[in-house]
Amino acid sequence: LLPPNLDGLSRDITLAFSALNTEDRCFGTGWSISLCSLDLTNGRNILTLSDGRTFRCEVLPPKGQDLHFKDQKLKDFRVRRVDAKTFDVINKDGVVERLSKAGGSVARLSLLRFPSGETFRFHHDHKVNGVSFLSKIVFLQTKQTYLKITYQGAKAYAISYPVDHGKTARILLSYQNDLLSSVSLPHDASEDVGDGTALPRYTVSYVSLLGTFQAIQMLRRPTGAIETLQYKEQGHKANGGGFIPHATLHTVMPGRHQPRIIKTYNFSQDRNFLGYESGKPEFVEGQDNLYLVQGNYTYESTEDVLKGDG
């Protein structure tokens with residue numbers, strides 16, 4: 001989002017994937033729009049920033065006071081409770097993200113205000129099983145729609161946004177077995193492309209790990225390049241039992257007789273970023289499980305880049 005200001009501030013709106021995200025938020029399991037939110041379900045009080053970082057607040061303060069996040073080491077933002085249903089995320093660069101709870105237990109991004117006063121309103125008008133999802137983003141000063149998401153039932157079908165010369169670009173999405181399977185390149189929304197199958201696109205396939213996680217197994221780019229991934233299911237150990245899979249091999253095949261790019265990944269077995277064997281009895285979601293651990297705690301991760309053939 002780039003308002004017509006002079007200070008150059010902007011905010012990216014991205015579609016991001018995480019194999020640890022087992023929910024379907026209208027873009028297929030694991031995919032979600034990178035928006036700030038505060039999950040208040042059963043006292044979880046977990047803040048998710050647009051860059052993916054998460055922080056947990058133990059107890060909500062009275063209105064007019066700031067939330068305290070024990071694990072926040074870098075003071076590049078603060079969150080103020082405006083009232084029972086409204087919170088302001090005040091960023092270091094002066095951009096304010098207002099989170100509003102309108103039904104349900106999650107406070108979602110409703111306003112994005114730049115220091116110049118320019119403001120975007122986020123509309124969450126599409127509902128699936130009582131949960132609201134983003135439908136459009138409007139620049140309040142001009143009433144122009146900067147982003148529009150079109151749905152077919154419980155799935156996002158198209159994403160539209162304005163480009164130069166008054167035109168609108170559109171991206172089409174398709175699904176298989178509730179998983180995002182392809183994303184088209186942007187095209188002129190005024191053109192009749194039928195079902196969009198003839199458009200150049202990214203295609204994705206997945207592999208199920210531990211019966212819980214859906215991980216990307218192959219990505220085919222519009223240029224014909226192919227990326228593949230392999231995983232170790234019983235990967236990182238977690239305190240309290242259980243594992244989180246991790247990648248072991250990433251191969252890029254550019255095509256056109258270019259050599260493959262092969263990367264392997266190895267990790268220490270008894271210690272990891274989850275804080276395994278750090279002295280904590282169990283892994284706690286929404287917290288940095290290594291923060292405040294006493295004594296020396298080291299773990300290793302190694303990436304090797306191998307020479308590929310043509």
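Quick note: numbers below take in every heavy atom, side chains included, and nothing from hydrogens, waters or symmetry partners. Here, residue 1 is the first one in the sequence, and each next residue gets the next number.
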Pair Asp288-Arg56, salt bridge (Lys or Arg N to Asp or Glu O under 4.0 Å): steps then yes or no: CA-CA 9 Å; Asp288 183 347; Arg56 184 174 183 179; over 6 Å; no
With heavy-atom distances below 4.5 Å as the criterion, would you say the side chains of Leu173 and Leu15 are in contact? yes
Donor-acceptor pairs under 3.5 Å, side chain of residues 206-219 to any protein atom, not counting sequence neighbours: which ones?
unit_1: Tyr206; atom_1: OH; unit_2: Trp31; atom_2: NE1; d: 2.9
unit_1: Tyr206; atom_1: OH; unit_2: Leu180; atom_2: O; d: 2.5
unit_1: Thr212; atom_1: OG1; unit_2: Leu210; atom_2: O; d: 3.4

Do Ile46 and Ile33 land in one hydrophobic cluster if side-chain heavy atoms of ILVMFWY residues count as linked below 4.5 Å? no
Using a 4.5 Å cut-off on heavy atoms from C-beta on, say whether the side chain of Cys26 contacts that of Val128. yes
Taking only residues at least two apart or on different chains, which pairs with a member in residues 141-177 satisfy ring pair (Phe, Tyr, Trp, His ring centres under 6.0 Å)? Phe120-Tyr146, His126-Tyr151, Phe139-Tyr146
The reported gap from NZ in Lys136 to OG1 in Thr150 (rounded to nearest 0.5 angstrom) is 11.0 Å
Check: Ile171 and Val183 side chains under 4.5 Å, non-hydrogen atoms: yes
To the nearest 0.5 Å, tell me how far Ile137 CD1 sits from His124 NE2. 8.0 Å
ring-ring contact (aromatic ring centres under 6.0 Å, His included) partners of Phe273, counting only residues at least two apart: His236
Between atom CG of Leu38 and atom CZ of Arg44, what is the distance when rounded to the nearest 0.5 Å? 10.5 Å
Sequence neighbours left out, cut at 3.5 Å: what donor-acceptor pairs do the side chains of residues 185-193 make with other protein atoms?
unit_1: His187; atom_1: ND1; unit_2: Arg170; atom_2: O; d: 2.9
unit_1: Asp188; atom_1: OD1; unit_2: Ser190; atom_2: N; d: 3.0
unit_1: Asp188; atom_1: OD1; unit_2: Ser190; atom_2: OG; d: 2.8
unit_1: Asp188; atom_1: OD2; unit_2: Ser190; atom_2: OG; d: 3.3
unit_1: Asp192; atom_1: OD1; unit_2: Gly194; atom_2: N; d: 3.1

Are Leu40 and Asn45 side-chain neighbours, meaning at least one heavy-atom pair lies under 4.5 Å? yes
Minimum heavy-atom distance between Leu172 and Ala158, given as atom pair plus value: CD2-CB, 3.8 Å
Which atoms form the tightest heavy-atom contact between Glu118 and Ser116, and what is the distance? OE1-OG, 2.6 Å
Contacts of Leu306 meeting side chain to side chain contact (heavy atoms under 4.5 Å, CB included) (sequence neighbours excluded), chain-then-number -> Ile262, Thr264, Asp304
At what distance, to the nearest 0.5 angstrom, does OG of Ser268 lie from NZ of Lys237? 10.5 Å
Surrounding NZ of Lys73 (heavy atoms of other residues, nucleotides or ligands, distance under 6.0 Å), is the total greater than 12? yes
Taking every non-hydrogen atom, the tightest pair across Gln72 and Leu74: NE2-O, 3.3 Å
Just distance, no hydrogens or angles: give the donor-acceptor pairs under 3.5 Å from side chains in residues 59-70, sequence neighbours left out.
unit_1: Asp66; atom_1: OD1; unit_2: Arg78; atom_2: NH1; d: 3.4
unit_1: Asp66; atom_1: OD1; unit_2: Arg80; atom_2: NE; d: 3.1
unit_1: Asp66; atom_1: OD2; unit_2: Arg78; atom_2: NH1; d: 3.2

Find out whether Phe77 and Phe55 are in side-chain contact, i.e. whether some heavy atom of one side chain is under 4.5 Å from a heavy atom of the other. yes
Any link between Val138 and Phe114 through a network of hydrophobic side chains (Ile, Leu, Val, Met, Phe, Trp, Tyr) touching at under 4.5 Å? no
For residues 276-301, which residue pairs qualify under ring pair (Phe, Tyr, Trp, His ring centres under 6.0 Å), counting only residues two or more places apart or in two chains? none
List, by chain and number, the other hydrophobic cluster members for Leu2, where Ile, Leu, Val, Met, Phe, Trp and Tyr join if side-chain heavy atoms come within less than 4.5 Å, directly or indirectly. none
Group every Ile, Leu, Val, Met, Phe, Trp and Tyr by side-chain heavy-atom contacts under 4.5 Å, then state whether Val79 and Leu49 land in the same group. yes
In terms of heavy-atom contacts, does CG of Asp51 have more than 12 from other residues, nucleotides or ligands at under 6.0 Å? yes
Provide the closest heavy-atom pair for Ser278 versus Val293 in the form atom of the first, atom of the second, distance. O-CG1, 3.8 Å
Do Phe267 and Asn272 have side chains that approach each other closer than 4.5 Å (heavy atoms only, starting at C-beta)? no
Does Arg98 have any salt bridge (Lys or Arg N to Asp or Glu O under 4.0 Å) partners at least two apart in sequence or in another chain, and if so, which? Asp88
Using every non-hydrogen atom in the two residues, find where Val252 and Pro254 come nearest and quote the distance to one decimal. O-CD, 3.4 Å
Taking atom CG of Asp83 as the centre, does the number of heavy atoms from other residues, nucleotides or ligands within less than 6.0 Å exceed 12? yes
Using the rule side chain to side chain contact (heavy atoms under 4.5 Å, CB included), only one of Leu109, Thr86, Leu111 pairs with Leu99; which is it? Leu109
Run the side-chain hydrogen bond (donor to acceptor under 3.5 Å, both in side chains) test against Arg81 and tell me which residues pass, sequence neighbours left out. none
Can Val305 be reached from Leu229 by stepping across I, L, V, M, F, W or Y side chains whose heavy atoms are under 4.5 Å apart? no
Residues Asp24, Lys155; criterion side-chain contact (heavy atoms from CB on, under 4.5 Å); working and verdict: CA-CA 9 Å; Asp24 185 346; Lys155 291 290 187 292; 2.7 Å; yes
CZ (Arg11) and SG (Cys36) are apart, to the nearest 0.5 Å, by 10.0 Å
Should we count CZ of Arg220 as having more than 12 external heavy atoms under 6.0 Å? no
Answer yes or no: is there a side-chain heavy-atom contact under 4.5 Å between Leu9 and Pro115? yes
List the steps and the verdict of side-chain contact (heavy atoms from CB on, under 4.5 Å) for Asn21 and Ser32. CA-CA 9 Å; Asn21 175 13; Ser32 61; 4.2 Å; yes
With heavy-atom distances below 4.5 Å as the criterion, would you say the side chains of Ile13 and Leu35 are in contact? yes
After noting the C-alpha distance and the side-chain angles of Ser174 and Ser182, does the key distance pass the side-chain hydrogen bond (donor to acceptor under 3.5 Å, both in side chains) rule? CA-CA 5 Å; Ser174 60; Ser182 71; 2.3 Å; yes
Minimum-distance pair of heavy atoms, taken over all atoms of Met253 and Thr228: CE-CG2, 3.9 Å
Exceeds 12 heavy-atom contacts within 6.0 angstrom, atom CD of Gln294: no
Quiz question: by atom type and distance under 3.5 Å, do the side chains of Ser132 and Lys127 form a donor-acceptor pair? yes
List in chain and number order the residues that pass salt bridge (Lys or Arg N to Asp or Glu O under 4.0 Å) with Lys143, two or more places apart in sequence or in another chain; answer none if no residue qualifies. none
Out of curiosity, does Leu20 fall in the hydrophobic cluster containing Leu290 (side-chain heavy atoms, cut-off under 4.5 Å, transitive links)? yes
Please evaluate residues Asn91 and Glu97 with respect to the criterion side-chain hydrogen bond (donor to acceptor under 3.5 Å, both in side chains), reporting the C-alpha separation (whole Å), side-chain torsions for both, the decisive distance (0.1 Å), and the verdict. CA-CA 8 Å; Asn91 295 280; Glu97 299 166 281; 3.1 Å; yes
Output side-chain donor-acceptor pairs under 3.5 Å for residues 240-247, partner residues at least two apart or in another chain, one line each.
none

What distance do Asp178 atom CG and Phe27 atom CZ have between them, rounded to the nearest 0.5 Å? 14.5 Å
